[in-house]
Structures are given as C-alpha cells and as structure tokens.
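Here the structure comes first, spelled out in structure tokens, and everything after it is commentary.
These numbers were taken from a predicted model, which means no experiment stands behind them. Sequence lines set the chain letters: A, B, ... in the order given, protein chains first and strands last, and positions in each chain run from 1.
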Protein chains: 2
Amino acid sequence: MIKSKPRPTFAPSTQIDMPKAKPIAKESSTEEKIKEAARKLFTQKGFAATRTRDIADEAGINLALLNYYFRSKQKLFDIIMMENFRQFIHGISFNFQDKTLSLEQKIEKVVSMYIDFLTANPDLPLFILTELRNNPDQLAASIEGEIGETRTELFAQLKVAHAAGYIGIEPSHLVANLFGLTVFPFVARPILQKVTGADDTQFNNLMQQRKELIPIWIKTMLQPPKPTK
Amino acid sequence: MIKSKPRPTFAPSTQIDMPKAKPIAKESSTEEKIKEAARKLFTQKGFAATRTRDIADEAGINLALLNYYFRSKQKLFDIIMMENFRQFIHGISFNFQDKTLSLEQKIEKVVSMYIDFLTANPDLPLFILTELRNNPDQLAASIEGEIGETRTELFAQLKVAHAAGYIGIEPSHLVANLFGLTVFPFVARPILQKVTGADDTQFNNLMQQRKELIPIWIKTMLQPPKPTK
DNA sequence: GTCTATAAAGTGATAGAC
DNA sequence: GTCTATCACTTTATAGAC
C-alpha cells in the first residue's frame, strides 16, 4: 500500500522535503528503496559522478520511477544530503547538551560514539566534507538549527575557562584536535593502511584503541600550564 | 616556439606522461596554460564535476586544443593527479630522509613545512583524499616509488623503539595523530570556521600557532609511560 | 598550432501505455 | 505505480579549414 503523490507542475525548488513519519515501519517501499540506493551511491561517489540510471539499477526499479517519486536528481540529492548531515552532527549535539556530564566525560562519550558511528559509516565524513565545500552556505542554517545554541554556549564557557587559566588550550584548537584525532583516520584510511601496512581488521582494532587513547591525549592538552617551580 | 606533438592513433591508455624538463623556463606555453587551468578546476571540483569546456575557457583557448595536446580528459586528469600527489608527499619524504635530524626535529620540520604548504594549497588535501578513494590501487605504486624505502625503514625503527619502551605510542597512532592534527583543520575548514566563528585571517593565525603547538602535543604523546612511583 | 563545425555518446527528464 | 520509448540537452572528442 503506497501513498499516491501528485506531481506539482511548478514545485518550489528551494523547498526540501523533510523525512516524514512512516505509517508502516517494516515495509521497504519503493520510495525507500530508491532513497537507500541513492544514499549509497551519492555517499560513495558524490553528486556529479553519480548517474540517475545507476541509482535506479541499484534500487531494482526503472529510471522513470525515480523522477516520479523525487522529481529530479537534485531534489533527491538534497534529501540525502540533509539526512546524512543531520546524522553526522546529531551525536555531537546530543552528548554536548547533557548538562550532567563534565567536559572530560562529554569528550569520552563523543569520541566513543563517533568511532562506532564512523566504523559503520566509513564513507560519510568524506562525503560531508566534499559536498559541504561545494555548498558553503546551504548548510550554515542546518548547523545552526541542529547545534546552534549548544555550540555558542559551550564555546563561550570554554573561552572563559581558558582565559581564567583553567584549561591550557584555546577552544578552537581543542575542537580541531578532537575531530582531527577522531575523524581524520577514517578520511585518510586508504593512505594510512598503505603507510602502516594494516589490514582491515587491524585498522578497526586501532580505531577501537583510540576510544581510550584520544580522551587521554585530549586531557593532557586540557591541563593548564604548570606553575614554574 | 612550441614543440610539435604527433597524435598516435592508438595511445596506450595506461601510460602516463611524466613531466618533462622544459627547455624554456619562463614562457607560459599553451600546453602549460591548459595544465594550470586543469589543475585549478580539477583540484577544486574533482574529475566528474569539471567540464573540459570550462578548462578551455579558463585557459583562454579553444576546446579542440585541449584534445590536441592531451588527447582526452582522462589523460589530462591523470597528469594533474600524479603531479599533485607527488607534491603532496614530497615534503614528507624529503624531511624524513634527513638522517641528521632526531625524530622530534623531523616532526617539527614536517609540521611547519606542511602548514605553509597547505595554507598555500588549501584544496589539495581534499582532492587527494577524494580521488585516492576512487582509485585505491592506482597510487599504491606511486607511494612506494616516492617514500617506500624511507617509510619501511622509519616505521621499523619506530616499532622497535615502542617495543623497547622508548616511546609511549604505537607508530600507527603516531602517524594518524601527526597528520590528523596537521591536515584535518584544512580539510574541515568550512565547518571549523563556522563552529569557532573564525574569519579567514583568524583561521590562518590559528594554523600558524599550530606550527609550535603540534610538536609539543606530539612530544607528550611520545613520552614513555612513567614508572609507577 | 589554432580555430569552427559537427559527430557520437551520455544523461536527466517526460510522455503515454498498461 | 510501474513500465518502455523517446525527447532535449550536455559533454567529450574529432574532422577539416586556415
């Protein structure tokens, strides 16, 4: 049972469909099959290198159906892009908003959660970084909407803490280091495996180790400068 | 004075032209203009999103000339790709082969040189990472040729040093951290600027600071575990 | 060497039958 | 809702004049 979807002659091109609550949870509808195929290919190869025909083949349906459901390649991409991006930053937002956790605890949680997430979605960060460079402003609003308040507040707190000498690192460097240490290995995975000679299993083991190691390294950076003895 | 270039009917498609020593250094020949235009567009937008017409326009010449000189979009791309990649890893190779430097000194030099290099070529790392994911094996040989011996040797030394307890970090993590801390900020620059609120000048200042900071952080990681007192 | 014109193939999107 | 057939346009590449 699939809902009918009228095709507007002039769809407002700026509007992006938000994911709707599905009335039937388990059934993999045609619309959903197309979206999953599109997510796979767009995330792996990017917008320009992905052919709509390949998406249709991957979904096991006809090319015409793709346009029937999503009207255009661009609109389908916008939906995937938005969902990928929300997923990518949701974990940060979620953990950093938890006021019962100390800064160290927040870092531990975010690192651990992110390493699991990236292990399961290895192509996502490079996709985000690439397409975000192509649409510098499209996602400004998206970032604000998802983590705007938390970001502003947390960043202000960190700046105060640094100015007062409680932490020995500027917040900008802290953010760069936290995500550099956590995300970069997944982005540079092919090079790293080549350089270190690690196979897939060894690589995953190394990433698991980093759940413990990164918070230790970050904590050291956080320590205020020692008083000259 | 531009050299004539016969067009073979069946060019071996796997062969990639190596950069040749130019007899005339200063003159910007048509061939060179095309290459520079191609480098700019390919590096910014990737292979699939770049049109040969755009390259021709950017170079100020006709589309037919591009094919006259480089035979096909793919061959032109292969040349740019190879040159970009060699440039990207040359600095590492160069500094790590200098046997008069200690490990700490090598790290200082590589970080400093790389931050200047990435500041001048901000689009290069994302290009390398993206296109390298698309051609996993094409560059395996290239890495080996450029830094193969040095890599093997240095990595073996680090493993011995770690096993003997002289350094407190596994070599794989050291490599991941060194390049994560150095390269990642440039790759994630749009996000970082949004999150930290830094403008372009402030961003560049932060990167300059990291020339001093990253070696300090890395040195801390290198320290062997303290004996339990 | 450089151009204009055009071939040849690819690609997004639609019409219309069922 | 789903399909086949096809249009309209883009893009790479070549032919041939100068």
Would you kindly give the [atom1]-to-[atom2] distance between [X] and [N], to the nearest whole Å?
X: B:Phe77; N: D:dA13; atom1: CZ; atom2: P; result: 14 Å
X: B:Leu41; N: D:dT11; atom1: CG; atom2: P; result: 13 Å
X: A:Arg53; N: D:dA5; atom1: CZ; atom2: C1'; result: 11 Å
X: A:Leu65; N: D:dT4; atom1: CG; atom2: C1'; result: 12 Å
X: B:Phe47; N: D:dT11; atom1: CZ; atom2: P; result: 13 Å
X: B:Phe70; N: D:dA13; atom1: CZ; atom2: P; result: 13 Å
X: B:Lys73; N: C:dG10; atom1: NZ; atom2: P; result: 14 Å
X: A:Leu63; N: D:dG1; atom1: CG; atom2: P; result: 18 Å

Taking only side-chain nitrogens and oxygens of [X], does any of them come within less than 4.0 Å of OP1 or OP2 of [N]?
X: A:Asn67; N: C:dA13; value: yes
X: A:Thr30; N: D:dT2; value: yes
X: A:Tyr68; N: C:dT14; value: no
X: A:Arg71; N: C:dG12; value: no

Between B:Phe47 and B:Glu131, the two heavy atoms sitting closest are N-OE2, 3.3 Å

Over all heavy atoms of both residues, which pair between A:Arg189 and A:Asp200 is shortest? Give the atoms and the distance, please.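 The answer is NH2-OD1, 3.5 Å.
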
Not counting sequence neighbours, which residues clear side-chain contact (heavy atoms from CB on, under 4.5 Å) with A:Ala64? List them please.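 Residues passing side-chain contact (heavy atoms from CB on, under 4.5 Å) with A:Ala64: A:Asn62.
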
Can you list everything that forms a side-chain contact (heavy atoms from CB on, under 4.5 Å) with A:Thr196? Sequence neighbours excluded, please.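 Once residues adjacent in sequence are excluded, the partners of A:Thr196 under the side-chain contact (heavy atoms from CB on, under 4.5 Å) criterion are A:Ala198, B:Phe155, B:Ser172.
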
Checking all strands, does A:Leu66 fall into the base, sugar-phosphate, or nothing category for heavy-atom contacts under 4.0 angstrom? nothing

Go nucleotide by nucleotide along DNA chain C from the 5' end; which of A:Arg51 and A:Ala64 gets its closest nucleotide reached first?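 The residue whose closest nucleotide sits nearer the 5' end is A:Arg51.
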
Less than 4.0 Å between a side-chain N and a carboxylate O, is that true for B:Glu36 and B:Lys33? no

